[in-house]
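Values reported hereafter were calculated over all heavy atoms of this structure, with side chains retained and with hydrogens, waters and symmetry mates removed. Per chain, numbering begins at 1; letters A, B, ... match sequence-line order.
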Amino acid sequence: MPELPEIETIKRVLLPQMKDATIKTLTVKRPEVIAYPTAGEFCKRLAGQKICDVNRRGKFLTVLLESGDSFTLHLRMTGCLLVTPSDYPAEKHTHIVFELDNGNEIRFSDTRRFGRFWFFQNGETDSYSGIDKLGLEPFDRRLTSEYLKDRFGTRRKSIKECLLDQSAIAGIGNIYSDEILFAAKLLPKRPANTLIIDEWQRLISKISEVLIYFIEKNAVTPEEYLQGKGQEYRNTPFLRVYGNDDKPCPICGELLCKTVIAGRSCVYCPTCQGETEGI
DNA sequence: CGGCCCCTGACG
DNA sequence: CGTCAGGGGCCG
């Protein structure tokens with residue numbers, strides 16, 4: 001469910017609520033959500049630790065502890081993190097509760113239970129979560145048209161798939177790949193090896209533009225975030241194509257089309273994104 | 001690469 | 001009832 005803009009929002013909302021808090025105890029109700037090392041070890045190691053920072057990398061969050069230990073998490077499709085007063089009613093499917101020394105709790109809930117946590121001791125290398133296989137952050141200055149052309153320029157795979165490839169660019173998912181391609185006026189199914197340098201350039205500039213736009217649109221206060229159960233802050237009204245199939249294109253008014261690319265649903269405007277300009 | 005897996009819930 | 005969902009991993 002959440003992509004880079006949502007993860008960034010979660011980080012911004014939760015960091016001030018977690019920073020400098022100490023984890024008194026924690027409860028893991030579903031051991032399978034702890035991918036490394038084990039649920040028992042996860043609880044034992046984290047109890048008593050003080051939180052000093054939260055970082056985002058792609059769609060991952062890493063919580064840094066004063067000791068130098070850390071834990072990394074990925075929310076996958078339906079994962080949700082909330083900081084709540086300890087007497088706040090619990091969400092269904094709450095799998096981990098961190099009891100903090102400031103009267104609050106960090107709660108992880110996840111309907112589909114795809115989300116995962118990994119714990120690492122100070123100095124231990126994370127070769128488990130997949131965070132080490134991520135490509136460039138979308139706002140990295142090294143993300144240039146040359147970088148993408150080198151990586152994908154001779155490949156036939158669609159540019160939609162290129163955007164979803166976390167080992168090339170980290171953080172773009174199915175919603176924002178559609179939004180970025182719409183903004184860049186490029187057909188999602190275009191094979192990467194047919195793009196000219198100007199088109200790569202356009203794609204690059206729209207990647208950061210669209211993601212920054214949605215990070216801003218998603219901004220919420222901690223109160224609003226909690227009120228919306230960590231879900232409702234997502235500003236679907238601002239999406240221009242995703243979820244709007246069979247509705248008119250916001251630019252030209254033609255009906256948007258829906259298709260499937262690499263097993264993922266994909267919405268685009270055949271006119272604005274240039275159906276006629278060569279597949 | 002496609003296909004199937006992990007899960008629950010919403011919707012047709 | 002079947003299909004689909006914004007995640008990723010694994011398998012042949």
Quick one: do A:E137 and A:R57 make a salt bridge, cutoff under 4.0 Å?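 A:R57 and A:E137: salt-bridged.
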Nearest of [options] to any side-chain atom of [X]?
| X | options | answer |
| --- | --- | --- |
| A:M77 | C:dG6, B:dC1, C:dG8 | C:dG6 |
| A:K258 | B:dC6, C:dG6, C:dA5 | C:dA5 |
| A:H93 | B:dC1, B:dG9, B:dC7 | B:dG9 |
| A:T111 | B:dG9, C:dG6, C:dG9 | B:dG9 |
| A:K157 | C:dG6, B:dC1, B:dC7 | B:dC1 |
| A:R113 | C:dA5, B:dT8, B:dC1 | B:dT8 |

Whether [X] contacts [N] is assessed here as follows: a side-chain N or O lying under 4.0 Å from the phosphate OP1 or OP2. Is that the case?
| X | N | answer |
| --- | --- | --- |
| A:K133 | C:dG9 | no |
| A:K59 | C:dG8 | yes |
| A:Y242 | C:dG6 | yes |
| A:S265 | C:dA5 | yes |
| A:R116 | C:dG9 | no |

[X] has an atom [atom1]; how far is it from atom [atom2] of [N], in whole Å?
| X | N | atom1 | atom2 | value |
| --- | --- | --- | --- | --- |
| A:D110 | C:dG8 | CG | C1' | 13 Å |
| A:F238 | C:dG6 | CZ | P | 21 Å |
| A:L4 | C:dG8 | CG | P | 11 Å |
| A:L164 | B:dG2 | CG | P | 13 Å |
| A:R76 | B:dC5 | CZ | P | 17 Å |
| A:H74 | C:dG6 | NE2 | P | 14 Å |
| A:I172 | C:dG8 | CD1 | C1' | 16 Å |
| A:I261 | C:dG6 | CD1 | C1' | 16 Å |

For C:dG6 and B:dC1, measure between their C1' atoms and round to the nearest Å.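 Result for the C1' pair: 23 Å, nearest Å.
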Integer angstrom distance from the C1' of C:dC1 to that of B:dC6: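 Rounded to whole Å, the distance is 22 Å.
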Any idea how A:W200 and A:F152 line up, ring-wise: parallel (<30°), tilted (30 to 60°), or perpendicular (>60°)?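 Parallel: the ring planes of A:W200 and A:F152 meet at under 30°.
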I want to confirm an ordering. Mapping A:I175 and A:S129 to their closest nucleotides on DNA chain C, which one lands closer to the 5' end?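 Mapping each residue to its closest nucleotide by heavy atoms, the 5'-most match is A:I175.
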Please figure out whether A:Q166 or A:G263 has its closest DNA chain C nucleotide nearer the 5' end.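 Result of the comparison: A:G263.
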Give A:R155 one of three labels, base, sugar-phosphate or nothing, depending on what nucleic acid heavy atoms sit under 4.0 Å from its own.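 Sugar-phosphate, backbone atoms only, no base.
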Base, sugar-phosphate, or nothing for A:E32, non-hydrogen atoms under 4.0 angstrom?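 Nothing, no nucleic acid heavy atom in range.
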Taking pairing as Watson-Crick or G-U wobble with both contacts under 3.5 Å, can you name the mate of C:dC10, or confirm there isn't one?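 Base-paired to B:dG3.
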Could you say whether the aromatic ring of A:F114 and the base of B:dC7 stack, counting only centre distances under 5.5 Å and plane angles under 30°?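 It does not: the two rings, one from A:F114 and one from B:dC7, miss the stacking criterion.
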Heavy-atom side-chain proximity of A:Q273 to A:R190 below 4.5 angstrom: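 They are not in side-chain contact.
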Other residues, nucleotides, ligands: >12 heavy atoms within 6.0 Å of A:K157 NZ: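 Buried by this count: over 12 neighbours within 6.0 Å.
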Evaluate A:F98 against A:F108 for ring pair (Phe, Tyr, Trp, His ring centres under 6.0 Å), listing each step before the verdict. CA-CA 9 Å; A:F98 301 75; A:F108 167 69; 8.9 Å; no
Give a yes-or-no answer on whether the side chains of A:S167 and A:K133 include a donor-acceptor pair shorter than 3.5 Å.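 Result is no, nothing qualifies.
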A:S158 and A:E161: side-chain donor and acceptor closer than 3.5 Å?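 A pair is found: one side chain offers a donor N or O, the other an acceptor, under 3.5 Å apart.
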On a plain distance test, is the side chain of A:R112 in donor-acceptor contact with the base of B:dC7 below 3.5 Å?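 In this structure, the two groups form a donor-acceptor pair.
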